[in-house]
K.L.:
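Below is one structure. I have some questions about it.
On a predicted model such as this, the values are computed, not experimentally measured, just so you know. Count residues from 1 along the sequence.
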Amino acid sequence: IYAIDTRGHGNSPRGTKPFTLVQFAEDLLCFMDEHGIQKAHLLGFSDGANIAILFALMHQERAAKLILNGGNIFPHGMKFTVWLSVVLGYRFAVHSAKKREDAKKKAELFSLMANEPQLTAEDLKKITVPTLVIAGTHDMIKKKHTRLIAENIRGAKLVFIPGSHFTAAENPDAFNEAVEVFLKE
């Protein structure tokens, strides 16, 4: 198991390449190549789920199975109050970044949520990798949006687990059981 931080997250350096989900998917490909990983099961949480979707669209032959936890295919997939707070946070961070160097990182992080990804149901139909879509029953992603994702990936399984966007931490036994059952299928 590899737990990967994307560029500019955790202890991973920001680097000079674009700070986008597509770039993060390319970074994942580079990581796999550098470690000799030809094919992998990908479990992504939130933006990680979005990166896994993009990775599967760009490099489907390298993904064995996808586990998408709390992902979205466009920003309006978030509940309105969450989306609004993200957009306002993004605008404030962009304004602050003009005055303070440390605010640039915050602006980039908010940009990911406010502007990405920009996918469609038609894009999802191109994914043929076995997929498990998981979300919390009280997730910040709309239930109908989570269903949209599962319904448009051929053969995808959908599981709602009691909890918020952080259901894996709040309800680890149920989350791990759903993942284990899916991986053993």
Side-chain angles (χ1 to χ4, degrees), residues 1-35 40 42-59 62-63 66-124 126-127 133-136 138-146 148-149 163-170:
I1 295 175
Y2 293 94
I4 304 168
D5 282 331
T6 52
R7 63 177 55 238
H9 291 76
N11 292 323
S12 294
R14 161 65 178 83
T16 58
K17 291 192 177 180
F19 201 76
T20 65
L21 296 178
V22 168
Q23 181 60 56
F24 298 166
E26 287 301 317
D27 291 344
L28 175 58
L29 178 66
C30 289
F31 177 88
M32 289 174 66
D33 287 346
E34 287 174 14
H35 289 83
L42 303 176
L43 188 158
F45 165 63
S46 199
D47 273 353
N50 303 343
I51 294 164
I53 292 169
L54 288 164
F55 184 89
L57 287 170
M58 298 183 317
H59 308 288
R62 303 291 296 271
L66 300 177
I67 301 154
L68 309 174
N69 177 210
N72 58 301
I73 60 170
F74 46 80
H76 282 87
M78 291 181 271
K79 292 179 178 173
F80 178 76
T81 54
V82 175
W83 173 82
L84 182 61
S85 66
V86 165
V87 169
L88 293 174
Y90 172 60
R91 289 184 180 161
F92 180 76
V94 167
H95 178 71
S96 297
K98 295 173 186 172
K99 300 174 185 173
R100 295 188 356 247
E101 187 64 32
D102 64 324
K104 285 183 181 179
K105 181 176 180 178
K106 196 172 248 182
E108 284 186 319
L109 291 171
F110 269 111
S111 177
L112 292 174
M113 293 186 293
N115 301 312
E116 295 190 50
Q118 292 292 335
L119 298 170
T120 66
E122 289 305 309
D123 292 323
L124 295 177
K126 297 172 189 170
I127 297 174
V133 178
I134 300 179
H138 301 289
D139 207 291
M140 65 183 228
I141 305 299
K142 298 173 189 172
K143 277 189 180 176
K144 72 178 186 176
H145 188 79
T146 300
L148 173 82
I149 293 170
S164 72
H165 191 58
F166 304 96
T167 192
E170 296 164 350

K.L.:
Does Tyr90 have any ring-ring contact (aromatic ring centres under 6.0 Å, His included) partners at least two apart in sequence or in another chain, and if so, which?
P.N.:
none
K.L.:
State which residues pass side chain to side chain contact (heavy atoms under 4.5 Å, CB included) with Asp139; sequence neighbours excluded, sorted by chain then number.
P.N.:
Ala135, Ile141, His165
K.L.:
With rounding to the nearest 0.5 angstrom, report the NE2 to CD distance, His138 to Glu170.
P.N.:
9.5 Å
K.L.:
Under a 4.5 Å cut-off applied to non-hydrogen side-chain atoms, are Asp47 and Thr6 in contact?
P.N.:
no
K.L.:
Decide yes or no for Ile73 and Thr120: does some side-chain heavy atom of the first lie under 4.5 Å from some side-chain heavy atom of the second?
P.N.:
no
K.L.:
Between the side chain of Asn50 and the main-chain N/O of Gly71, is any donor-acceptor distance below 3.5 Å?
P.N.:
no
K.L.:
Mind listing the side-chain donor-acceptor pairs of residues 105-112 below 3.5 Å, one per line with the distance, residues two or more places apart or on another chain?
P.N.:
residue	atom	partner	partner atom	Å
Lys105	NZ	Gly8	O	3.3
Glu108	OE1	Arg14	NE	3.0
Glu108	OE2	Arg14	NE	3.1
Glu108	OE2	Arg14	NH2	2.8
Ser111	OG	Asn115	ND2	3.1

K.L.:
I'd like a table of donor-acceptor pairs (distance under 3.5 Å, sequence neighbours excluded) in which one partner is a side-chain atom from residues 18-29, with atom names and distances.
P.N.:
residue	atom	partner	partner atom	Å
Thr20	OG1	Gln23	N	3.0
Gln23	NE2	Asp27	OD1	2.8
Glu26	OE2	His59	NE2	2.9
Asp27	OD1	Arg7	NH2	3.1
Asp27	OD2	Arg7	NE	2.6
Asp27	OD2	Arg7	NH2	3.3

K.L.:
Which atoms form the tightest heavy-atom contact between Ala114 and Pro75, and what is the distance?
P.N.:
O-CG, 3.4 Å
K.L.:
Just jot down the side-chain hydrogen bond (donor to acceptor under 3.5 Å, both in side chains) partners of Ser12, sequence neighbours excluded, or say none.
P.N.:
none
K.L.:
Please say whether more than 12 non-hydrogen atoms of neighbouring residues, nucleotides or ligands are located less than 6.0 Å from NZ in Lys104.
P.N.:
no
K.L.:
Distance check, rounded to the nearest 0.5 Å: Ile134 atom CD1 versus Phe45 atom CZ?
P.N.:
11.5 Å
K.L.:
Leu43: what forms a side chain to side chain contact (heavy atoms under 4.5 Å, CB included) with it, not counting sequence neighbours?
P.N.:
Ile67, Phe175, Val179
K.L.:
Rounded to the nearest 0.5 Å, what separates atom OG in Ser46 from atom CE in Met140?
P.N.:
5.0 Å
K.L.:
Name each donor-acceptor pair under 3.5 Å that joins a side chain in residues 80-87 to protein atoms two or more places apart or in another chain, with its distance.
P.N.:
residue	atom	partner	partner atom	Å
Ser85	OG	Thr81	O	3.4
Ser85	OG	Val82	O	2.8

K.L.:
Can you name the side-chain hydrogen bond (donor to acceptor under 3.5 Å, both in side chains) partners of Lys98, sequence neighbours left out?
P.N.:
none
K.L.:
Not counting sequence neighbours, list each pair that qualifies as a salt bridge (Lys or Arg N to Asp or Glu O under 4.0 Å) and has a residue in residues 112-122.
P.N.:
Glu122-Lys125
K.L.:
As a quick check of understanding, evaluate side chain to side chain contact (heavy atoms under 4.5 Å, CB included) for Leu57 and Asp123, giving each step before the final call.
P.N.:
CA-CA 8 Å; Leu57 287 170; Asp123 292 323; 4.2 Å; yes
K.L.:
For Phe92, is the CZ atom crowded, meaning more than 12 foreign heavy atoms sit under 6.0 Å from it?
P.N.:
no
K.L.:
If you measure from CG on Leu148 to CG on Leu124, what distance do you get to the nearest 0.5 Å?
P.N.:
6.5 Å
K.L.:
Indicate yes or no for a side-chain donor-acceptor contact from His9 to the backbone of Asp5 under 3.5 Å, with no hydrogens or angles considered.
P.N.:
no
K.L.:
Nearest 0.5 angstrom please: Phe31 CZ to Ile4 CD1, how far?
P.N.:
4.0 Å
K.L.:
Between Ile149 and Asn72, which heavy-atom pair has the shortest distance, and what is it?
P.N.:
CD1-CA, 3.9 Å
K.L.:
Give me the atom names and distance for the closest heavy-atom approach of Ala52 to Leu68.
P.N.:
CB-CD2, 3.8 Å
K.L.:
Enumerate the residue pairs fulfilling salt bridge (Lys or Arg N to Asp or Glu O under 4.0 Å) with a member in residues 85-96, sequence neighbours excluded, ordered by first and then second residue.
P.N.:
none
K.L.:
For the side chain of Lys142 and the backbone of His76, is there at least one donor-acceptor N/O pair under 3.5 Å apart?
P.N.:
yes
K.L.:
According to side chain to side chain contact (heavy atoms under 4.5 Å, CB included), who are the partners of Ala169, at least two apart in sequence or on a separate chain?
P.N.:
none
K.L.:
Using the test side-chain hydrogen bond (donor to acceptor under 3.5 Å, both in side chains), find all partners of Glu34 that sit at least two apart in sequence or belong to another chain.
P.N.:
none
